[in-house]
Amino acid sequence: GLVGCSQIANNPGPLPVSLPNGGSSFSSTERLLQPRPAPQQGSGATEHILYSFPSDLGDGSYPNGTLLDMNGTLYGSTYRGGHLAPFREACSQFGCGTIFRISEDGGFNVLHRLRADEGSSPSDGLVALNGALYGTAIYGGRMVLGGTAFKVDPSTGALTVLHYFGLGHDGDEPGNVIVVEGLLYGVTQFGGTSDAGTVFEINPTRRAERVIYNFTDREDRPTAGLAANPGGGTLYGVTTSGDCGNVSDCSGTVYELNR
């Protein structure tokens, strides 16, 4: 489990952890991982901090979304941090975000520091398909507010953009994706034919994206995240408001969409 960080607990001093520089402006390629503090007790559970993100932002800041466990290694993303120069103008002074991995014994590595043309502000975690990592960035790409869908090689950290959003009616600002029968599905909060958001499908092998549904003004904005039934034929999601059916006044909906 995550609490078995024996290497850190049994070492009296700081442990060196090598990090790839990845072309960033930071000269340091090694972090010192301090010994684990005493566990926090409460309600029968025991908590250990595996890693704390430094204030220099090089490893990332504001980690977000769900961690992905793949073969005993955890993968995740940060909303900001990473490259601070020369991409400061495109990603603000706080960076475009990072993709990271952390082992169950606390070993931490930055896999990739995003550039503005690759996407900015990764959203809500990663998914795995055929040994690769997939995710989305809310902003950046070829449009400031467009966003991207990307693939990351977990062994090398190499990032490949699968799709640039915001160049047509494909939607803007994508949320996280799910995997259904080898394809990626997700929603955008803006864009589409009514600028009210879309549901999209991406074939990661062909790097092909298509919109399978355009939301209308009546349905209002979809929020990030989809679910699929066990057979994968139906997708489910939520909107913040919109078409309430027979309800005279409502503050959100749950919808289903047949692929």
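- Residues L145 and I138 fall within the same hydrophobic cluster, defined by Ile, Leu, Val, Met, Phe, Trp and Tyr side chains chained together at heavy-atom separations under 4.5 Å.
- Atom CG of L257 is separated from atom OH of Y185 by 9.5 Å, given to the nearest 0.5 angstrom.
- Looking only at side-chain heavy atoms (C-beta outward), T198 and Y213 stay at 4.5 Å or farther from each other.
- Residues R113 and E118 are not paired through a salt bridge, judged by the lack of any N-O separation under 4.0 Å between the basic side chain and the carboxylate.
- Under a 3.5 Å cut-off, the side chain of T98 and the backbone N or O of D59 do form a donor-acceptor pair.
- Here the side chain of T148 pairs no donor or acceptor atom with the backbone of G141 at under 3.5 angstrom.
- The heavy-atom pair separating F165 from M143 by the smallest distance is O-CG, 4.2 Å.
- Two rings, from F215 and F190, have their centers 6.0 Å or more apart.
- The minimum heavy-atom distance linking L129 with G182 is given by the pair CD2-O, 3.6 Å.
- F100 has its ring centre less than 6.0 Å from the ring centre of F108.
- In this structure a side-chain-to-backbone donor-acceptor pair under 3.5 Å is missing from R80 to G60.
- The two atoms that bring T223 and T240 nearest to each other are CG2-CG2, 3.3 Å, heavy atoms only.
- At distances below 3.5 Å, at least one donor-acceptor pair connects side-chain atoms of N214 with backbone N or O atoms of T193.
- Both I212 and Y255 belong to a single network of hydrophobic side chains, linked directly or stepwise wherever heavy atoms of I, L, V, M, F, W or Y lie under 4.5 Å apart.
- One hydrophobic cluster holds both L126 and M70 under the rule that ILVMFWY side chains link at heavy-atom gaps under 4.5 Å.
- Inter-residue side-chain proximity for P174 and F200 is flagged as met; some heavy-atom pair is nearer than 4.5 Å.
- To the nearest 0.5 Å, atom CG of residue L67 and atom CZ of residue R101 are 14.5 Å apart.
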Start with the C-alpha distance between S123 and N176, add both sets of side-chain angles, then the distance that settles side chain to side chain donor-acceptor pair (under 3.5 Å), and finish with yes or no. CA-CA 6 Å; S123 62; N176 63 305; 5.9 Å; no

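- Residues A137 and L114 come closest through the heavy atom pair CB-CD2, 4.5 Å.
- Counting only distance, with no hydrogens or angles, the side chain of N203 and the backbone of T205 share a donor-acceptor pair below 3.5 Å.
- A single hydrophobic cluster is seen to contain both V110 and F53, as judged by linkage of ILVMFWY side chains at heavy-atom distances under 4.5 Å, directly or through other members.
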Criterion side-chain contact (heavy atoms from CB on, under 4.5 Å) on L133 and L111, from CA distance to verdict: CA-CA 11 Å; L133 307 172; L111 276 177; 4.1 Å; yes

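- Side-chain N or O atoms of T136 include one that pairs as donor or acceptor with a backbone N or O of G175 at under 3.5 Å.
- With values rounded to the nearest 0.5 angstrom, L68 atom CG is found 9.5 Å from T66 atom OG1.
- Here the closest heavy-atom approach between residue C96 and residue G119 is recorded as CB-O, 4.0 Å.
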Could you go through the side chain to side chain donor-acceptor pair (under 3.5 Å) check for H163 and D170 one step at a time? CA-CA 10 Å; H163 183 72; D170 56 347; 2.6 Å; yes

Just list the side-chain donor-acceptor pairs under 3.5 Å for residues 153-162, sequence neighbours left out, or say none.
{"residue": "D153", "atom": "OD1", "partner": "S155", "partner atom": "N", "Å": "2.9"}
{"residue": "D153", "atom": "OD1", "partner": "S155", "partner atom": "OG", "Å": "2.6"}
{"residue": "T156", "atom": "OG1", "partner": "A158", "partner atom": "N", "Å": "3.2"}

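- Two rings, from Y62 and F94, have their centers 6.0 Å or more apart.
- The ring-ring contact (aromatic ring centres under 6.0 Å, His included) analysis of residues 131-155, with sequence neighbours excluded, yields no pairs.
- Side-chain contact annotation: N258 with T234, donor-acceptor N/O pair under 3.5 Å present.
- A donor-acceptor pair shorter than 3.5 Å can be found between the side chains of N64 and S77.
- Contact detail for K151 and A132: the closest heavy-atom pair is CE-CB, 3.7 Å.
- Within the model, atoms CD of E209 and CG of L183 stand 12.0 Å from one another, a figure rounded to the nearest 0.5 Å.
- For R142, there are no side chain to side chain donor-acceptor pair (under 3.5 Å) partners, not counting sequence neighbours.
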Please lay out, stage by stage, how L184 and V179 fare under the test side-chain contact (heavy atoms from CB on, under 4.5 Å). CA-CA 5 Å; L184 306 177; V179 177; 3.8 Å; yes

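- In this structure the side chain of V180 never reaches within 4.5 angstrom of the side chain of L226, judged on heavy atoms.
- A 4.5 Å side-chain heavy-atom check between T188 and D172 finds every atom pair outside the cut-off.
- Side-chain N/O atoms of T239 and T253 include a donor and acceptor closer than 3.5 Å.
- The distance from atom CG of L235 to atom CD of E201, rounded to the nearest 0.5 Å, is 9.0 Å.
- Side chains of N71 and T73: a donor-acceptor N/O pair is absent below 3.5 angstrom, by distance only.
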